[in-house]
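Written below as structure tokens is the structure these notes are about.
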Amino acid sequence: MAGHSKWAQIKRQKGANDQKRGALFTKLTREIMQAAKQGGPDPAGNFKLRLAIQRARAANMPNDNIERAIAKATGGAQEDQLDEITYEGYGPGGIAILVSALTDNRNRTVSEVRHQFSRAGGNLGETGSVAWQFEPRGIITIPLEGRDPDEVALQAIDAGAEDVDVQGDVIEVRTDPASLEAVRKNLETAGLQVENADFAMIPKATIELDEKTAHQVLRLIEALEDLEDVQRVYSNAEFSDEAVASYAG
């Protein structure tokens with residue numbers, strides 16, 4: 001996960017000004033709609049919706065887009081029904097991969113996901129084939145902005161974090177999923193800026209990869225993340241800084 005976090009940071013920087021912004025807005029819109037349908041249109045009482053809106057704003061999605069997505073989701077239109085699906089599979093080097101999707105066409109999505117696995121030399125597995133290797137966690141990222149990492153880590157532990165990991169210029173805070181919102185609030189009360197808060201599937205153990213295999217896995221993850229129906233991709237790969245940097249470069 002640590003390696004994937006580094007790649008996620010680089011990917012955000014790479015994609016900040018390119019044509020993928022439109023695809024990102026589509027994913028965020030779907031996430032907002034699904035959260036609003038499941039828990040209602042009021043973010044004050046709907047934590048999933050509040051998280052989705054925070055992510056949308058972090059990506060500079062206009063407020064009008066956010067409001068339209070909520071209104072559309074709660075307007076009762078059946079044609080906008082989205083299904084949440086998790087696909088499980090194996091990538092290069094036997095890496096376990098979870099793919100979380102929101103789709104209005106299951107056949108299209110599974111075909112696209114299977115195609116990307118096949119292209120990479122991997123394969124889709126049965127339900128439960130790799131999920132047991134992951135556990136749900138809340139993930140909060142905090143930019144260091146020149147502050148002492150040890151001091152910030154101690155503040156995060158005081159705020160209720162289960163684990164803290166320094167990732168370059170940010171700190172990744174892990175929590176029990178049920179404690180994510182409480183820890184986020186505690187961190188902000190302590191004067192720390194929260195860059196992102198999200199739920200994630202964290203591998204119980206990781207597999208270190210050589211540079212060639214790491215590049216193959218990163219290509220697969222990027223291809224899966226670029227699919228319109230795919231919301232999140234998790235793996236148990238451990239990427240070295242060198243492998244991520246040489247791939248991104």
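Side chains are part of it too, since the values below use all heavy atoms of this structure and drop only hydrogens, waters and symmetry mates. What you are looking at is a predicted structure, and each value in this text was computed from that prediction instead of being measured. The first residue of the sequence shown is numbered 1, and numbering continues consecutively from there.
Two residues are said to be in side-chain contact when any heavy atoms from C-beta on lie closer than 4.5 Å; Asp64 and Glu67 meet this criterion. Within the 4.5 Å cutoff, the side chain of Asp150 has no heavy atoms near those of the Leu154 side chain. Proximity of Thr109 to Glu228: side-chain heavy atoms (C-beta onward) are nowhere separated by under 4.5 Å. In this structure, the side chains of Val99 and Leu227 stay at 4.5 Å or more apart for every pair of heavy atoms. Inter-residue side-chain proximity for Arg30 and Asp229 is flagged as met; some heavy-atom pair is nearer than 4.5 Å. Considering only heavy atoms from C-beta on, Arg219 stays 4.5 Å or farther from Arg119 through its side chain. Under the 4.5 Å side-chain criterion, counting only non-hydrogen atoms from C-beta, Asn123 is in contact with Tyr90. Residues Val230 and Tyr87 form no side-chain contact, since every pair of their non-hydrogen atoms from C-beta on lies 4.5 Å or further apart.
Of the candidates Ile202, Thr175, Asn196, Asp165, Ile139 forms a side chain to side chain contact (heavy atoms under 4.5 Å, CB included) with just one, namely Ile202.
For Glu31, the salt bridge (charged side-chain N to carboxylate O under 4.0 Å, His left out) criterion is met by Arg55, Arg232, not counting sequence neighbours. For Glu145, the salt bridge (charged side-chain N to carboxylate O under 4.0 Å, His left out) partners are Arg147, not counting sequence neighbours. Qualifying side chain to side chain donor-acceptor pair (under 3.5 Å) partners for Gln193, counting only residues two or more places apart in sequence or in other chains: none. Applying the salt bridge (charged side-chain N to carboxylate O under 4.0 Å, His left out) rule to Arg57 yields no partners; only residues at least two apart in sequence or on another chain are considered.
Between the Lys48 side chain and the Gln34 main chain, no donor and acceptor come within less than 3.5 Å of each other. In this structure, Asn46 contributes its side chain and Ala35 its backbone to a donor-acceptor pair below 3.5 Å. In this structure a side-chain-to-backbone donor-acceptor pair under 3.5 Å is present from Glu88 to Ser129.
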(request) In sequence, state the C-alpha distance, the side-chain angles, and the governing distance for Met61 and Ile32, and then conclude on side chain to side chain contact (heavy atoms under 4.5 Å, CB included). (result) CA-CA 12 Å; Met61 178 185 279; Ile32 290 168; 4.3 Å; yes
(request) Take Val130 and Ile97 through the side chain to side chain contact (heavy atoms under 4.5 Å, CB included) test and state the conclusion after the steps. (result) CA-CA 7 Å; Val130 304; Ile97 296 177; over 6 Å; no
(request) Start with the C-alpha distance between Glu188 and Lys185, add both sets of side-chain angles, then the distance that settles salt bridge (charged side-chain N to carboxylate O under 4.0 Å, His left out), and finish with yes or no. (result) CA-CA 5 Å; Glu188 291 183 338; Lys185 286 182 177 178; over 6 Å; no
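In this structure, a donor-acceptor pair under 3.5 Å is present between the side chains of Glu84 and Gln38.
In this structure, CG on Asn60 lies 11.0 Å from CG on Leu28, to the nearest 0.5 angstrom. To the nearest 0.5 Å, atoms OG1 (Thr206) and CZ (Phe239) are separated by 10.5 Å. Between the CD1 atom of Ile53 and the CG atom of Leu49 there is a distance of 4.0 Å, given to the nearest 0.5 Å. Taking CD1 of Ile85 as the start and OG1 of Thr103 as the end, the distance is 5.5 Å to the nearest 0.5 Å.
Here the closest heavy-atom approach between residue Pro41 and residue Thr74 is recorded as CB-CG2, 3.8 Å. Minimum interatomic distance between Gln116 and Ala223 (heavy atoms only, all atoms of both residues): OE1-CB, 3.3 Å. Between Ala44 and Arg50, the shortest heavy-atom contact is O-NH1, 3.3 Å. When all heavy atoms of Pro62 and Phe25 are compared, the pair lying nearest together is CD-CE2, 3.9 Å. In terms of heavy atoms, His215 sits closest to Ala243 at NE2-O, 3.2 Å. Across Leu220 and Pro92, no two heavy atoms sit closer than the pair CD2-CD, 4.0 Å.
Sorted by first and then second residue, the side-chain hydrogen bond (donor to acceptor under 3.5 Å, both in side chains) pairs with a member in residues 130-139 read Gln133-Asn236, Arg137-Glu162; sequence neighbours excluded.
The other residues sharing a hydrophobic cluster with Leu180 are Phe47, Leu51, Ile140, Ile142, Leu144, Val152, Ile157, Val164, Val166, Ile171, Val173, Val183, Leu187, Leu192, Val194, Phe199, where clustering joins ILVMFWY side chains under 4.5 Å apart.
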